[in-house]
Colleague: 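Before I ask anything, here is the structure I am working with.
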Amino acid sequence: MDNKKGMKGKRSQKILIAVIVLVAVAAFKLFNLGQFLTLDYIKASKEQFALLYAEHRLAVILAYAGIYIVVTSLSLPGAAVMTLAGGALFGLLSGTLVVSFSST
């Protein structure tokens, strides 16, 4: 009897994960979040990003890493742009480290 409860729990966890993934992809499409993952957008907001990065270095790196992980794990459009932007926004050394750790 305990085995049946365990099976139901695992099944409900899988369903919950699938629902979360579907909601994330739907939100990406519905709110047109892909517009923020283009080279044009990155170039246009580079100065604002530099100011934010100077004031809140760790928070910006963690936010970038979190967004990078979500975008790449869900295979959303813009993953390649985010990889390139990491180097451009954080510099070669920091960008390489952040992208490398985020991609693993």
Side-chain angles (χ1 to χ4, degrees):
M1 186 159 248
D2 288 331
N3 193 22
K4 287 184 180 180
K5 287 182 182 179
M7 297 283 279
K8 286 184 180 181
K10 288 182 181 180
R11 183 172 175 232
S12 61
Q13 284 179 342
K14 289 179 182 180
I15 291 171
L16 179 63
I17 291 170
V19 167
I20 291 171
V21 168
L22 289 173
V23 167
V25 171
F28 183 83
K29 298 287 186 182
L30 180 67
F31 296 113
N32 193 23
L33 298 178
Q35 69 181 335
F36 301 112
L37 301 176
T38 63
L39 287 176
D40 291 335
Y41 181 80
I42 301 294
K43 287 178 186 177
S45 58
K46 186 171 170 131
E47 289 180 25
Q48 290 175 319
F49 181 83
L51 290 173
L52 184 63
Y53 182 60
E55 293 176 6
H56 308 284
R57 189 168 295 245
L58 182 61
V60 169
I61 289 173
L62 292 175
Y64 173 86
I67 294 167
Y68 186 91
I69 290 167
V70 170
V71 168
T72 55
S73 65
L74 295 177
S75 297
L76 297 173
V81 172
M82 285 201 69
T83 301
L84 297 171
L89 299 173
F90 297 119
L92 180 61
L93 181 60
S94 297
T96 302
L97 289 172
V98 172
V99 169
S100 293
F101 280 106
S102 300
S103 63
T104 56

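One-based numbering along the sequence shown.
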Colleague: With hydrophobic residues grouped by side-chain heavy-atom distances under 4.5 Å, do Phe36 and Val71 end up in a single group?
Modeller: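 Yes; tracing contacts between hydrophobic side chains, which count when under 4.5 Å, links both residues.
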
Colleague: Answer with yes or no whether the hydrophobic clustering places Leu22 together with Phe31; edges join I, L, V, M, F, W, Y residues whose side-chain heavy atoms lie under 4.5 Å apart.
Modeller: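 No: no chain of side-chain contacts under 4.5 Å links Leu22 to Phe31.
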
Colleague: Could you walk me through whether Val21 and Leu74 pass side chain to side chain contact (heavy atoms under 4.5 Å, CB included), step by step?
Modeller: CA-CA 7 Å; Val21 168; Leu74 295 177; 3.5 Å; yes

Colleague: Restricting to non-hydrogen atoms, name the atom on Ala79 and the atom on Tyr68 that form the minimum distance, rounded to 0.1 Å.
Modeller: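 Looking at all heavy atoms of both residues, the closest pair is O-CE1, 4.2 Å.
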
Colleague: Against Val81, only a single residue in Asp40, Ile42, Thr38 fulfils side-chain contact (heavy atoms from CB on, under 4.5 Å); can you say which?
Modeller: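 Only one option passes, and that is Ile42.
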
Colleague: In terms of heavy-atom contacts, does CD of Gln35 have more than 12 from other residues, nucleotides or ligands at under 6.0 Å?
Modeller: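 Enclosed.
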
Colleague: According to a 4.5 Å side-chain heavy-atom criterion applied to Ile, Leu, Val, Met, Phe, Trp and Tyr, with indirect links allowed, do Leu33 and Leu30 form part of one hydrophobic cluster?
Modeller: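 As far as the 4.5 Å side-chain criterion goes, Leu30 and Leu33 are connected within one cluster.
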
Colleague: Taking atom CG of Leu92 as the centre, report whether more than 12 heavy atoms of other residues, nucleotides or ligands fall under 6.0 Å from it.
Modeller: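 Incorrect, the count does not exceed 12.
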
Colleague: Rounded to the nearest 0.5 Å, what separates atom CD1 in Ile61 from atom CG in Leu89?
Modeller: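 Answer for the CD1-CG pair, Ile61 versus Leu89, is 11.0 Å.
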
Colleague: Taking atom NZ of Lys46 and atom OH of Tyr53, what is their separation to the nearest 0.5 Å?
Modeller: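 Interatomic distance, Lys46 NZ to Tyr53 OH, rounded to 0.5 Å: 11.5 Å.
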
Colleague: Taking Ser45 for its side chain and Gln48 for its backbone only, find out whether a donor-acceptor pair lies under 3.5 Å.
Modeller: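 It does not hold such a pair.
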
Colleague: List the atom of Ser12, the atom of Gly9, and the distance in Å for their closest heavy-atom pair.
Modeller: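 Smallest interatomic distance, heavy atoms only, reads OG-O, 2.9 Å.
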
Colleague: Decide yes or no for Phe90 and Val60: does some side-chain heavy atom of the first lie under 4.5 Å from some side-chain heavy atom of the second?
Modeller: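 Heavy-atom side-chain distance check passes, below 4.5 Å.
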
Colleague: What distance separates Phe49 CZ from Tyr64 OH, expressed to the nearest 0.5 Å?
Modeller: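 So the gap between those two atoms works out to 8.5 Å.
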
Colleague: Rounded to the nearest 0.5 Å, what separates atom CG in Leu76 from atom CD1 in Ile67?
Modeller: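 With rounding to 0.5 Å, CG (Leu76) is 11.5 Å from CD1 (Ile67).
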
Colleague: Flag yes if Val25 and Val70 sit in one hydrophobic cluster, no otherwise; membership is Ile, Leu, Val, Met, Phe, Trp, Tyr, and two members link when side-chain heavy atoms are under 4.5 Å apart.
Modeller: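 Same cluster.
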
Colleague: What's the spacing between His56 NE2 and Leu51 CG if we round to 0.5 Å?
Modeller: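 If we round to the nearest 0.5 Å, His56:NE2 and Leu51:CG are 10.5 Å apart.
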
